[in-house]
K.L.:
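One structure, pasted below without further comment.
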Amino acid sequence: VQLQASGGGLVQAGGFLRLSCAASGRTFSSYRMGWFRQAPGKEREFVAVVTWSGGSSYYADSVKGRFTISRDNAKNTVYLLMNSLIPEDTAVYYCAASRSATYYANAYDYWGQGTEVTVSS
């Protein structure tokens with residue numbers, strides 16, 4: 001599975017962005033899809049994950065209620081809608097695919113290249 005993330009950019013606090021992650025391969029629908037982020041000088045952290053069917057999703061406490069993860073298996077794409085952005089959301093955002101992982105980055109098998117999000121105050 002190859003992943004291509006896009007949609008990052010510069011936004012003011014309170015604004016929104018929608019990230020996309022396009023996947024290649026016919027087995028996309030069999031993978032859980034997650035989003036992680038890494039801020040400068042910090043470790044990569046879990047943001048959200050959606051199960052293969054899109055029926056269940058899980059979020060980090062820091063983004064719960066503001067971010068929404070979704071997927072379109074017909075388009076081999078996973079999305080992250082980010083609302084009410086705050087400067088602390090500034091990071092490089094990565095999408096990742098796993099057969100079974102949820103929160104732990106080292107359990108994901110495939111990674112996209114990252115897309116940068118900057119939230120100005």
K.L.:
With heavy-atom distances below 4.5 Å as the criterion, would you say the side chains of Phe46 and Tyr59 are in contact?
P.N.:
no

K.L.:
Just to verify, what does Gln113 make a side-chain contact (heavy atoms from CB on, under 4.5 Å) with, not counting sequence neighbours?
P.N.:
Gln4, Ala5

K.L.:
Is it true that, when you exclude Lys64 itself, more than 12 heavy atoms of the residues, nucleotides or ligands shown sit nearer than 6.0 Å to its NZ?
P.N.:
yes

K.L.:
What I'd like to find out is whether the side chain of Val1 reaches to under 4.5 Å of the side chain of Asp109, using heavy atoms alone.
P.N.:
no

K.L.:
Any side-chain hydrogen bond (donor to acceptor under 3.5 Å, both in side chains) pairs touching residues 74-98, not counting sequence neighbours?
P.N.:
Arg37-Asp89, Arg37-Tyr93, Arg66-Asp89

K.L.:
Centroid separation under 6.0 Å, is that true for the rings of Tyr108 and Phe36?
P.N.:
yes

K.L.:
Test the Arg71-Tyr31 pair against the cation-pi criterion, namely NZ or CZ under 6.0 angstrom from the six-membered ring centroid and within 45° of the ring axis.
P.N.:
no

K.L.:
Can you tell me how far apart CD (Glu45) and OG (Ser62) are? Round to the nearest 0.5 Å.
P.N.:
5.5 Å

K.L.:
Specify the closest pair of heavy atoms between Cys21 and Leu3, including all atoms of both residues, with the distance to one decimal.
P.N.:
SG-CB, 3.8 Å

K.L.:
What heavy-atom pair brings Thr27 and Ser30 nearest, and what distance separates the two atoms?
P.N.:
O-OG, 2.6 Å

K.L.:
May I ask you to check whether over 12 heavy atoms, not counting those of Trp111, lie within 6.0 Å of atom CH2?
P.N.:
yes

K.L.:
Do you know which two heavy atoms are closest between Lys42 and Gln38, and how far apart they sit?
P.N.:
O-NE2, 3.1 Å

K.L.:
side-chain contact (heavy atoms from CB on, under 4.5 Å) with Ser6: which residues, sequence neighbours excluded?
P.N.:
Ser20

K.L.:
Check whether more than 12 heavy atoms from other residues, nucleotides or ligands sit under 6.0 Å from atom OH of Tyr103, and answer yes or no.
P.N.:
yes

K.L.:
Is a side-chain donor or acceptor of Thr68 paired with a backbone partner of Leu81 at a separation under 3.5 angstrom?
P.N.:
no

K.L.:
Does some side-chain heavy atom of Leu19 sit less than 4.5 Å from a side-chain heavy atom of Trp35?
P.N.:
yes

K.L.:
Do Val49 and Met33 have side chains that get closer than 4.5 Å, going by heavy atoms?
P.N.:
no

K.L.:
Under a 3.5 Å cutoff, is there a donor and acceptor pairing between the side chains of Ser100 and Arg32?
P.N.:
no

K.L.:
Heavy-atom distance under 4.5 Å between the side chains of Thr118 and Val11, does that happen here?
P.N.:
no

K.L.:
Can you name the closest pair of heavy atoms from Ala91 and Ala39 and give their distance?
P.N.:
CB-N, 3.8 Å

K.L.:
Check whether any side-chain heavy atom of Leu85 lies under 4.5 Å from a side-chain heavy atom of Phe67, and answer yes or no.
P.N.:
yes

K.L.:
When you compare the side chain of Leu80 with that of Val78, does any pair of heavy atoms fall below 4.5 Å?
P.N.:
no

